[in-house]
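What follows is a single structure, written as structure tokens, with notes after it.
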Amino acid sequence: MKKIIAITVATLAIAGCSNMSNTEQRTLSGASIGAVAGGVGAAIFHGNPIWGAVGGAAVGAASGYVYDAYKKEQASEYNSGYNAGKNNKPANAPN
């Protein structure tokens, strides 16, 4: 019975993430990774794993959001250069 519940929960979690934007996916991924790292780190150093997971999730979510902004800026710069080359014009930095 526990296997069926675990499989159902995992399936629903995966299906629930399918319609997310890149920003939402990166923020959630950062929060998930941060929560696990914070919980494990707190447990290793004899702290409260719950508070470690909460703090790690907050830091991870913020990091995921910042990483998404970086990737969007990088894509914008690439597209600006690509379009400039395609149109035989000098590249201008995006605003």
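Basis for what follows: all heavy atoms, side chains included, without hydrogens, waters or symmetry-related copies. The first residue of the sequence shown is numbered 1, and numbering continues consecutively from there. Everything numeric in this text was worked out from a predicted model, so none of it was measured.
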query = Between K72 and N22, is any pair of side-chain heavy atoms under 4.5 Å apart?
reply = no

remark   = Closest non-hydrogen atoms of A43 and P49, given as atom of the first, atom of the second and distance, are CB-CG, 4.2 Å

query = Counting N and O atoms only, with roles assigned by atom type, does the side chain of N79 sit under 3.5 Å from a partner on the main chain of A75, one being a donor and the other an acceptor?
reply = yes

ask   = Hey, any chance I50 and F45 share a hydrophobic cluster, counting ILVMFWY side chains that come within less than 4.5 Å of each other, even indirectly?
value = no

Pairwise distance CD1(I33) to CG(L28) - rounded to 0.5 angstrom = 9.5 Å

query = Which pair of heavy atoms, one from M20 and one from E24, lies closest together, and at what distance?
reply = CA-OE1, 3.2 Å

request  = Among residues two or more places apart or on two chains, list those pairs meeting side-chain hydrogen bond (donor to acceptor under 3.5 Å, both in side chains) that have a residue in residues 27-55.
outcome  = none

task = Please work out whether the ring planes of Y82 and Y78 are parallel, tilted or perpendicular, with thresholds of 30° and 60°.
result = parallel

